[in-house]
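Starting from 1, each residue takes its place in the sequence as its number.
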Amino acid sequence: MSHAYIVDSVTQITATTLVLSLRQQEDERLFSFQPGQYASISFFKGKRPTPARCFSIMSSPTSQRTLQFGIRTKGRFTKAVSRLKPGDEVKVGGPFGGFVLDLSENNDAVLLAGGIGITPFMSMARYATSVGASNKLTLVYSCQTQDDIPFLGALLILEARNPNFHVEYVINTGTTERLPVAMSINSGRVTPELLDRILASDYQAKMFYVCGPPSYMQAMRQTLTAKSVSSSRILTEAFAQGPNQQTGKIRSWPYNIYAIGAASVVLASLTVAMSDLLKTLPPASLARAVTLSPTLTSTNARQQDLDSLVNNLPLLATTTAESGAVVAANHAAAVAASATSVAPTTSPGSPSSVAKTSPSAPAPVPAPAPRAKVCTTTQSGVTTCV
């Protein structure tokens with residue numbers, strides 16, 4: 001079931017990332033989700049509906065009437081999102097996914113984020129901070145350069161407010177001199193040695209969450225497996241279809257969301273096409289079709305009655321039509337006709353007053369006797385006389 005939201009703002013926070021902020025309409029029921037889940041969004045591009053696309057929710061579940069999505073701006077859909085204006089309507093479906101922070105079970109969680117994979121962790125960190133949870137959260141955030149760190153300001157504020165939340169930044173390439181000194185900054189890639197230092201080589205009793213590009217997730221899973229971390233303590237969320245989808249309790253990025261979205265677009269397109277076609281048809285054509293249809297139906301009914309009558313004529317002649325009186329009258333007429341069917345050749349009383357026929361000649365054929373008409377009427381009111 002989809003929920004109606006209104007665009008509050010669309011903000012480009014880095015060269016490659018934007019934040020879509022939505023507010024729920026007053027008459028809509030609350031959209032309940034858990035920290036780390038994602039939702040599908042769709043909207044109208046011109047007068048045509050867009051397909052539904054899935055994005056992780058980066059706002060906290062405690063924000064009852066607002067939703068935020070962090071979106072990497074590449075591709076036609078995300079570029080269309082960047083052109084949304086305040087007041088535009090957006091449909092939100094969901095929530096989906098089992099990539100969820102469970103504060104009742106995960107007392108010590110390690111969050112491994114690559115690039116835009118930070119978005120579900122923003123929801124987790126915001127939620128834990130807003131409810132004052134004592135759970136320990138360690139975020140290892142891998143970014144390409146120092147100029148492309150989405151949500152840097154928000155992360156610094158969360159880290160300052162929540163003593164149980166700590167962030168380790170890993171800058172893959174370039175320098176880091178423009179970043180605040182208070183940040184914990186690492187250069188290069190997330191290696192086993194770097195994880196050993198950050199976690200003090202303690203991988204036991206920790207729950208590991210991994211989200212990012214497929215290559216990043218594959219490397220993190222291999223590293224954790226080599227550290228003897230069981231698969232039951234590794235939960236992953238993918239931002240692309242393929243073998244590196246979510247592992248854990250529930251699969252991520254369901255194919256049916258895209259299938260339903262595509263079917264909705266096709267149905268909407270057919271509806272628009274039929275509406276355009278009806279507008280082009282002259283009204284007289286429609287009126288003529290409506291006028292002719294009862295006539296055709298009536299004609300077909302009468303034709304069926306006639307066909308039935310013809311097919312049942314022998315049956316009617318021997319059963320329904322020929323009652324006792326009619327049969328007697330027909331028999332008397334036949335007898336009278338047969339008495340006058342032979343013409344006399346001599347005077348009456350002559351021995352040869354009865355006509356004789358040659359043995360080789362055929363017997364004379366009597367003239368057909370006049371027969372009383374038999375009339376029948378069908379249930380539809382058609383009367384036929386034979």
Side-chain angles (χ1 to χ4, degrees), residues 11-19 36 55-56 58 68-74 78 99 101 109-126 128-129 136-203 206 208-224 226-227 229 234-240 244:
T11 307
Q12 194 79 33
I13 58 173
T14 70
T16 60
T17 307
L18 63 81
V19 174
F55 299 95
S56 290
M58 57 172 292
Q68 279 190 331
F69 298 90
I71 300 174
R72 180 74 74 182
T73 53
K74 65 176 183 178
T78 54
F99 192 75
L101 176 65
V110 179
L111 318 177
L112 301 174
I116 196 62
I118 185 63
T119 50
F121 297 138
M122 291 297 299
S123 179
M124 295 179 184
R126 284 173 167 174
T129 302
K136 182 179 180 181
L137 303 179
T138 302
L139 172 63
V140 182
Y141 188 12
S142 180
C143 300
Q144 190 65 29
T145 67
Q146 66 176 347
D147 298 319
D148 192 11
I149 308 177
F151 319 115
L152 175 59
L155 287 171
L156 292 174
I157 293 173
L158 287 171
E159 197 171 10
R161 291 179 177 175
N162 188 348
N164 299 309
F165 178 59
H166 175 66
V167 184
E168 290 280 345
Y169 297 88
V170 182
I171 308 304
N172 301 153
T173 60
T175 61
T176 60
E177 75 277 0
R178 291 195 299 274
L179 296 177
V181 178
M183 294 172 55
S184 180
I185 304 172
N186 306 274
S187 298
R189 304 283 177 176
V190 181
T191 62
E193 293 76 20
L194 177 60
L195 283 182
D196 285 344
R197 183 178 63 79
I198 294 173
L199 303 178
S201 299
D202 182 11
Y203 294 87
K206 289 180 170 61
F208 292 86
Y209 294 80
V210 186
C211 186
S215 58
Y216 172 84
M217 291 199 307
Q218 183 177 7
M220 292 301 97
R221 289 169 62 184
Q222 290 176 349
T223 298
L224 294 175
K227 297 294 182 180
V229 178
I234 304 174
L235 195 62
T236 65
E237 178 83 298
F239 281 89
N244 296 294

Output the distance between atom [atom1] ([X]) and atom [atom2] ([Y]), rounded to the nearest 0.5 Å.
X    : Y    : atom1 : atom2 : value
L199 : L194 : CG    : CG    : 9.0 Å
D202 : L195 : CG    : CG    : 12.5 Å
M58  : M124 : CE    : CE    : 13.5 Å
Q68  : F151 : CD    : CZ    : 8.0 Å

Is [Y] close to [X] at the side-chain level, that is, under 4.5 Å between some pair of heavy atoms?
X    : Y    : value
E193 : R197 : no
L139 : I118 : yes
Y216 : V210 : yes
T173 : Q144 : yes
M183 : L152 : yes
L101 : L137 : yes
L179 : Y169 : no
L158 : M122 : yes

Subject >> Set of side-chain hydrogen bond (donor to acceptor under 3.5 Å, both in side chains) partners for S123, sequence neighbours left out >> reply: none

Do you know which two heavy atoms are closest between [X] and [Y], and how far apart they sit?
X    : Y    : value
S142 : V190 : CB-CG2, 4.2 Å
L112 : F121 : O-CE1, 3.4 Å
I185 : P180 : CD1-O, 4.0 Å
P150 : Y141 : CD-OH, 3.0 Å
G36  : E237 : O-OE2, 4.2 Å
P213 : G114 : CD-O, 3.4 Å

**OP:** Evaluate the criterion side-chain contact (heavy atoms from CB on, under 4.5 Å) for residue pair M220 and T236; output intermediate values, then yes/no.
**Re:** CA-CA 10 Å; M220 292 301 97; T236 65; over 6 Å; no

Subject >> Contacts of Y209 that satisfy ring pair (Phe, Tyr, Trp, His ring centres under 6.0 Å) - sequence neighbours left out >> reply: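 So Y209 forms a ring pair (Phe, Tyr, Trp, His ring centres under 6.0 Å) with F99.
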
Original post:
Step by step, would you call D196 with Y203 a side-chain contact (heavy atoms from CB on, under 4.5 Å)?
Top reply: CA-CA 9 Å; D196 285 344; Y203 294 87; 2.6 Å; yes

Original post:
Between I149 and I171, does a side-chain contact (heavy atoms from CB on, under 4.5 Å) hold up when you go through it step by step?
Top reply: CA-CA 9 Å; I149 308 177; I171 308 304; 3.8 Å; yes

Original post:
Which residue pairs satisfy the salt bridge (charged side-chain N to carboxylate O under 4.0 Å, His left out) criterion with at least one member in residues 140-167, sequence neighbours excluded?
Top reply: R72-D148, D147-R178

Original post:
Is the side chain of T17 donor-acceptor paired with the backbone N or O of I13 at a distance under 3.5 Å, no angle test?
Top reply: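 No.
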
**OP:** Verify, without hydrogens or angle tests, whether T119 (side chain) and I116 (backbone) share a donor-acceptor contact under 3.5 angstrom.
**Re:** yes

**OP:** Verify whether one side chain among Q146 and T176 offers a donor that lies under 3.5 Å from an acceptor in the other.
**Re:**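 Distance-only check fails for Q146 and T176.
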
**OP:** Would you please test T138 and K206 for side-chain contact (heavy atoms from CB on, under 4.5 Å) and show each step?
**Re:** CA-CA 10 Å; T138 302; K206 289 180 170 61; over 6 Å; no

